[in-house]
Visitor: 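There's a structure below that I have some questions on.
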Number of protein chains: 2
Amino acid sequence: MGPDKDRFQVIIKKLRDSGHRITPQRMAIVKIVATSEDHPSVENIYDRIKKDYPTVSLATVYKNILLLKSIGEVAELTFPDGSNRYDGRKTTPHLHVICVRCKKIVDADMDNLDEIAKKIEVDTDYKIIDQRFEFFGICRNCMKN
Amino acid sequence: MGPDKDRFQVIIKKLRDSGHRITPQRMAIVKIVATSEDHPSVENIYDRIKKDYPTVSLATVYKNILLLKSIGEVAELTFPDGSNRYDGRKTTPHLHVICVRCKKIVDADMDNLDEIAKKIEVDTDYKIIDQRFEFFGICRNCMKN
DNA sequence: ATTCCTGCAAAATCTTTGCAGCTAG
DNA sequence: CTAGCTGCAAAGATTTTGCAGGAAT
């Protein structure tokens with residue numbers, strides 16, 4: 001069982017355990033956010049789902065993304081232009097590196113993100129529940145043009 | 001001359017040098033983003049400006065924030081709920097620590113943010129031009145309630 | 001059987017745009 | 001003077017909401 005299929009199962013179980021119903025539409029949405037490597041927008045998710053469920057509505061996608069955010073199983077990235085992308089693949093904190101031209105997003109790992117969070121908790125007296133590390137730049141491909 | 005007044009002058013000079021006109025409305029907007037310690041929203045800025053310039057329009061605030069963003073003199077923070085706040089006080093990268101209940105924002109410094117950016121550049125082959133480090137949590141005051 | 005969920009349309013929110021008149025340089 | 005800026009209103013874009021019918025448990 002690959003890590004993606006794993007993520008799907010984990011999220012479904014968490015939904016079921018917290019008393020939420022597992023509808024076909026919901027499963028399809030979870031599958032997409034749990035397996036997409038390209039950080040899709042709500043519109044992207046909507047388009048992909050319509051292949052299998054042509055009658056699904058945008059509102060349903062929004063409602064489910066909201067639900068998944070509320071249980072902490074998808075991360076939301078906001079671009080400088082205001083558009084949002086979603087990432088449901090990882091629970092461990094990681095960096096996003098975003099090309100401001102072509103909007104390609106690459107993940108990067110950093111070993112000591114947890115340490116930083118702990119230090120911030122001590123310094124500021126906030127109880128940290130989430131974090132978002134984003135770098136904006138221009139990818140190698142766009143640099144050529 | 002305090003650092004806030006300094007920031008105001010720096011931004012005004014940069015605007016002038018790049019051929020932009022210095023209108024009273026623009027000065028008022030720059031003054032607010034350069035000196036506000038509480039990371040105001042566009043609405044906040046609008047409300048504060050109306051004390052001195054009752055006829056100023058929201059559109060003008062938006063246009064000027066857009067301009068200040070485009071020349072890199074204000075940073076935009078986006079909340080999990082989608083609302084935006086602005087910070088024109090610092091140019092050096094720093095962390096924002098945000099209370100998700102009362103929305104209070106605290107700044108935190110971290111010595112090696114530049115090093116991290118350099119490492120990311122090498123690892124990903126992106127030319128990094130901006131970065132955003134945000135921690136979401138609950139502040140001590142909200143924790144009591 | 002009973003809640004919760006879906007899908008539709010309408011509403012709400014936030015931001016941008018078009019344009020006529022004004023003003024800084 | 002005259003290019004750029006402002007203020008108004010309208011349009012655009014994105015996300016949320018209300019509600020009736022339908023589906024999961």
Side-chain angles (χ1 to χ4, degrees), chain A residues 11-33 39-71 74-86 103, chain B residues 11-33 39-71 73-74 76-86 103:
Chain A
I11 297 174
I12 292 294
K13 180 176 187 334
K14 188 159 175 182
L15 284 170
R16 207 191 300 277
D17 291 351
S18 53
H20 297 283
R21 292 180 182 170
I22 310 303
T23 66
Q25 297 94 326
R26 181 161 289 167
M27 284 182 72
I29 293 165
V30 170
K31 180 158 282 175
I32 288 173
V33 300
H39 306 78
S41 66
V42 165
E43 282 285 335
N44 295 151
I45 297 167
Y46 176 62
D47 290 341
R48 290 176 204 178
I49 282 188
K50 284 211 291 190
K51 288 174 191 157
D52 294 315
Y53 300 87
T55 69
V56 96
S57 71
L58 240 193
T60 295
V61 179
Y62 273 107
K63 283 169 186 165
N64 277 284
I65 291 293
L66 205 65
L67 172 61
L68 292 171
K69 276 199 292 180
S70 76
I71 64 169
V74 295
E76 184 178 64
L77 335 184
T78 305
F79 276 58
D81 71 4
S83 63
N84 289 320
R85 308 305 180 90
Y86 298 92
K103 306 208 167 178
Chain B
I11 297 174
I12 292 294
K13 179 174 187 334
K14 188 158 176 182
L15 284 170
R16 208 190 301 275
D17 290 352
S18 53
H20 297 282
R21 293 182 180 170
I22 310 303
T23 65
Q25 297 94 327
R26 181 161 288 167
M27 286 182 71
I29 293 166
V30 169
K31 180 159 279 175
I32 287 172
V33 300
H39 306 79
S41 66
V42 166
E43 282 286 334
N44 295 151
I45 296 167
Y46 176 61
D47 290 342
R48 290 176 204 178
I49 282 188
K50 284 211 292 192
K51 288 174 190 156
D52 294 316
Y53 301 87
T55 69
V56 97
S57 71
L58 241 193
T60 295
V61 179
Y62 272 107
K63 284 169 187 166
N64 277 283
I65 290 294
L66 206 63
L67 172 62
L68 293 171
K69 278 200 290 179
S70 76
I71 63 169
E73 292 298 334
V74 295
E76 183 178 66
L77 333 184
T78 306
F79 275 60
D81 71 4
S83 61
N84 289 321
R85 308 304 180 92
Y86 298 92
K103 306 208 169 179

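As a basis for the values below, the full set of heavy atoms in this structure was taken, side chains included, without hydrogen atoms, waters or symmetry mates. Residue numbering restarts at 1 for every chain, and letters A, B, ... go by the order of the sequence lines.
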Visitor: I need the CG-P distance between Leu58(B) and dT16(C), as an integer number of Å.
Guide: 11 Å
Visitor: Name the residue closer to the 5' end of DNA chain D, choosing between Thr55(B) and Arg16(A) according to the nucleotide with the nearest heavy atom.
Guide: Thr55(B)
Visitor: Just checking Ser83(B): base, sugar-phosphate only, or nothing, at a heavy-atom cut-off of under 4.0 Å?
Guide: nothing
Visitor: Round to a whole Å and report the spacing from CG of Leu67(A) to P of dC5(C).
Guide: 7 Å
Visitor: Counting the atoms with a prime plus P, OP1 and OP2 as sugar-phosphate, which does Thr23(B) contact under 4.0 Å by heavy atoms, base, sugar-phosphate, or nothing?
Guide: sugar-phosphate
Visitor: Rounded to the Å, how far apart are Tyr62(B) OH and dG12(D) C1'?
Guide: 13 Å
Visitor: What is the distance from CG of Leu15(A) to C1' of dT25(D), rounded to the nearest Å?
Guide: 15 Å
Visitor: Under 3.5 Å, is there any donor-acceptor pair linking the side chain of Arg21(B) to the base of dC5(D)?
Guide: no
Visitor: Just the rounded figure in Å: distance from P of dT23(C) to CD of Gln25(B).
Guide: 9 Å
Visitor: I need the minimum non-hydrogen distance between Val61(A) and Ile29(A), along with the two atoms involved.
Guide: CA-CD1, 3.9 Å
Visitor: dC4(C) P sits how many Å from Asn64(A) CG, rounded?
Guide: 15 Å
Visitor: What is the distance from atom OG of Ser70(B) to atom CD1 of Ile65(B), rounded to the nearest 0.5 Å?
Guide: 11.0 Å
Visitor: Counting only side-chain nitrogens and oxygens, does Thr60(B) get under 4.0 Å of the OP1 or OP2 atom of dG7(D)?
Guide: yes
Visitor: Hey, does Val42(B) reach any base, or is it just sugar-phosphate, or nothing, if we go heavy atoms under 4.0 Å?
Guide: nothing
Visitor: Mark yes or no for whether Asp17(A), through its side chain, and Lys14(A), through its backbone, hold a donor-acceptor pair below 3.5 Å.
Guide: no
Visitor: Report the residue (Ala59(A) or Gly19(A)) whose heavy-atom-nearest nucleotide on DNA chain C is the more 5′ of the two.
Guide: Gly19(A)
Visitor: Taking the basic N atoms (NZ, or NE/NH1/NH2) and the acidic carboxylate oxygens, is any pair closer than 4.0 Å for Arg85(A) and Glu76(A)?
Guide: no
Visitor: For dG4(D), does either OP1 or OP2 sit under 4.0 Å from a side-chain N or O belonging to His20(B)?
Guide: no
Visitor: Can you give me the closest heavy-atom contact between Ser57(B) and Tyr46(B), atom names plus distance?
Guide: C-CE1, 3.7 Å
Visitor: Identify which nucleotide among dT25(D), dC5(D), dG7(D) has an atom closest to any side-chain atom of Ile22(A), counting heavy atoms from C-beta outward.
Guide: dT25(D)
Visitor: Between Lys69(A) (NZ) and dT15(D) (C1'), how many Å, whole number?
Guide: 10 Å
Visitor: What is the separation between atom CG on Leu66(A) and atom C1' on dT6(C), rounded to the nearest whole Å?
Guide: 15 Å
Visitor: OP1 or OP2 of dT6(D) less than 4.0 angstrom from a side-chain nitrogen or oxygen of Arg26(B), does that happen here?
Guide: yes
Visitor: Answer with yes or no whether Lys63(A) presents, from its side chain, a donor or acceptor under 3.5 Å of a partner atom in the base of dG18(D).
Guide: yes
